[in-house]
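Structure record follows, encoded as structure tokens.
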2 protein chains.
Amino acid sequence: MSTTPQATPRRATITDVAREAGTGKTSISRYLNGEMSALSSELRARIEAAIARLDYQPNQMARGLKRGRNRLIGMLLADLTNPYSVEVLQGVEAACHALGLMPLICHAANEVEMERRYLQLLTTYRVEGVIVNALGVREETLRPVGGGGIPAVLVDRLVEGLVADMVGLDNRAAAELGTRHLLDQGFDEIWFVVQPFEQVSSRQLREVAFRDAMRAQAAAHGTKRKAIARGHTLVLNLADPAEVERSLAELDRTLDAVGSVGVIGHAGEPNQAARVALFAANAPVALCLALHLKARYGADWQARVALLSIDDPDWAELAGITTIRQPTYEIGYRAVEFLHERIEGVQTTARDCLLPGELIVRASTSR
Amino acid sequence: MSTTPQATPRRATITDVAREAGTGKTSISRYLNGEMSALSSELRARIEAAIARLDYQPNQMARGLKRGRNRLIGMLLADLTNPYSVEVLQGVEAACHALGLMPLICHAANEVEMERRYLQLLTTYRVEGVIVNALGVREETLRPVGGGGIPAVLVDRLVEGLVADMVGLDNRAAAELGTRHLLDQGFDEIWFVVQPFEQVSSRQLREVAFRDAMRAQAAAHGTKRKAIARGHTLVLNLADPAEVERSLAELDRTLDAVGSVGVIGHAGEPNQAARVALFAANAPVALCLALHLKARYGADWQARVALLSIDDPDWAELAGITTIRQPTYEIGYRAVEFLHERIEGVQTTARDCLLPGELIVRASTSR
DNA sequence: CTGTTAGCGCGTTCAG
DNA sequence: CTGAACGCGCTAACAG
């Protein structure tokens, strides 16, 4: 029970092993680096034994210092609270594992200052590269990476003036996919709800694609659709409760104006009243909307308004909302692969890897 | 646009700075370590300038090598997919920040082999300590930490034969709190649903506390309650879909037997049929249950069975289920504080820090 | 106050 | 095949 917590007994060094094996450090080093061809099998056996006996483990820091590379890469995440981040992380970890890299995970928690500090810290630890899911698009703080600095690859969003590989969702296609789905389902009042997007390229792209898709529909109208569906963009600043309040109030006015929508599912008979749908730009927005609607219209809120979201959080199935799932795991995996290539010296111009989203239709948007 | 991605121009070293400032390395080192009292203001100014001009950043690896401490600690997480982990992580990060530590976050993704590898890796990077949210309770793989090895503090669960500080929820109190609440609300059929618990101490404690609370209620019966509530424990092995299927089927049989429970909310009139409640030992279990019930009984499943869960994931409010929220942030924070003390050489016997959970009552369990 | 001299643990020539 | 010697970037005595 009462094990004496004695001070760590100083780990064995390569010198200790050499002495124990009755040889020089060089041979040990060679053994560690797999240069077996340069060791007599007899010596090798002695080394093996010595290592086991001393429970020796090479000091990565020291090796890194010497050879100039420590197999460390930084993974800078804007917000771990977003399931998206965690999922991407899984891919990153798998890839690192496969490539012999060690990811230093840093969580900026939506604070620019944190991001700056972590980047500085990573630099200080001489990571060989960084994968960054930046907070914003115009960050001076990211100057030390990419371009002339340390290799970097961007995830999900671009950063102005920072030339680097980037991998993420094909936002344009995804937003189109979602919009078309809602249109096909006959919704004629569609609100695209998104966090402030001037600062985040992926949000910008989604918003633009939404508007474009709505416009295209309007242009093609008359061919098969009877009425032109109306599209709106609503900004929801999740960082500011007061603003959220105001935005939601605006939304409520529209919903109230539309009045009591007939119960959906009436033998396929299309409703006379406008059918309204909300298109959330990501999961946090979707959650905020769902919570609000539930509070306002009760458990039955989905009968009144449909909800579709980019991102497919675990509660989506429970709430029965339609989603566009991002290939998060692959995004993370590819990011590491790109970075690894850069670290190995690949010099091609900055690459973009846009992966497709997958529409998952649930009760919320189907009759 | 086409910035030439030139190879990293080799960072400046302390020697470069010394030359640039026309002085010796020692003075630079002193400057870096804040020993300002030992530097003439003139020299200090020159150093400052040189550092700025060269954009010098001290190499943490090299420092660590020399002084024997690198300010790195390991954070080993069993499952980042569990919101609990992410929340604890926030506390850990905040504390590290405050104490000048850098956490290396490692995600075992529920695989013992991963856990082993990461532990080995951390050791290899000479972290000064580790915070471990272990996969299981009887892991040989954790031998290198705690006791004679590197300082460690456990989070949420104990590990057999590993003497170390531990911080987590007061499981006994939390399970009692939940059970009493359900009893007070008049439920007479309560199922405690938990993942396989032989391997995880926190699950064990919760399950035992649940049974104890049910037994206590039975003993005290006759004083104020009319009927003795019945308690059951159901094991849900989320890692094995087939087993999950079987367990849920067992649950279904009970629910079906209880038959169509009268609609709750009938003017406070207690129902004649048994009222059944599910007590999920953690969020993943709760989600699994909720998904199943919804699939089986439709969107209105909560009218048929109540759900209470330890952990308070973001979707709990949306689903309207009652929860017991863990003080996750503080758990993480305290863990780092403990570890820091150990690193600084504190030698007291292993400490336990049990923090209380908070009951959050929602529609699911209130009439 | 300041510079010199040794290493920290390891990899790497370069001669045996 | 093997080992001695040097240096990575930095800190810590030890003198001036």
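A note on names: the letters A, B, ... follow the listed sequences, proteins ahead of strands, and every chain is numbered from 1. These numbers come from the heavy atoms of this one structure, side chains and all, not from hydrogens, waters or symmetry mates.
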At a heavy-atom distance below 4.0 Å, which nucleotide of DNA chain D is the first touched by chain B, and which is the last? dG9(D) to dC14(D)
Calculate the interatomic distance between [X] atom [atom1] and [N] atom [atom2]; express it in whole Å.
{"X": "N33(A)", "N": "dC10(C)", "atom1": "CG", "atom2": "P", "value": "11 Å"}
{"X": "N70(A)", "N": "dG11(C)", "atom1": "CG", "atom2": "P", "value": "13 Å"}
{"X": "E35(A)", "N": "dC10(C)", "atom1": "CD", "atom2": "P", "value": "16 Å"}
{"X": "L32(A)", "N": "dG11(C)", "atom1": "CG", "atom2": "P", "value": "6 Å"}
{"X": "R44(B)", "N": "dT2(C)", "atom1": "CZ", "atom2": "C1'", "value": "15 Å"}
{"X": "Y125(B)", "N": "dG9(C)", "atom1": "OH", "atom2": "P", "value": "18 Å"}
{"X": "K66(A)", "N": "dG9(C)", "atom1": "NZ", "atom2": "C1'", "value": "11 Å"}
{"X": "M36(B)", "N": "dT2(C)", "atom1": "CE", "atom2": "P", "value": "13 Å"}

5'-most contact on DNA chain D (nearest-nucleotide basis), A62(B) vs R30(B), goes to A62(B)
Please say which of L76(B), L142(B), T141(B), V112(B) ends up in a side-chain contact (heavy atoms from CB on, under 4.5 Å) with L135(B). V112(B)
So does T123(B) get a backbone contact from the side chain of R126(B), meaning a donor-acceptor N/O pair under 3.5 Å? yes
Checking the side chain of R46(A) only, and the main-chain atoms of A21(A) only, is there a donor and an acceptor separated by less than 3.5 Å? yes
Please work out if [X] contacts a base, only the sugar-phosphate, or nothing of the nucleic acid, heavy-atom cut-off 4.0 Å.
{"X": "S41(A)", "value": "nothing"}
{"X": "S40(B)", "value": "sugar-phosphate"}
{"X": "T13(A)", "value": "sugar-phosphate"}
{"X": "Y31(B)", "value": "nothing"}

Residues, nucleotides or ligands: over 12 heavy atoms within 6.0 Å of R138(A) CZ: no
If you assign each of K25(B) and I28(A) to its closest nucleotide in DNA chain C, which residue comes earlier from the 5' end? K25(B)
Which sits closer to the 5' end of DNA chain C, Q57(A) or A38(B), going by the nucleotide each is nearest to? A38(B)
Looking only at the side chain of T26(A) (C-beta and beyond, no hydrogens), which of the listed nucleotides dA6(C), dT12(C), dC10(C) gets closest? dT12(C)
Counting side-chain heavy atoms from C-beta on, which of dG11(C), dG9(C), dG3(C) comes nearest to S27(B)? dG3(C)
Distance-minimising heavy-atom pair for S29(A) and I14(A): N-CD1, 3.9 Å
Minimum heavy-atom distance between E128(B) and N70(B), given as atom pair plus value: OE2-N, 3.0 Å
Side chain to side chain contact (heavy atoms under 4.5 Å, CB included) between Y84(A) and D79(A): does it pass, once the steps are laid out? CA-CA 9 Å; Y84(A) 169 85; D79(A) 179 16; over 6 Å; no
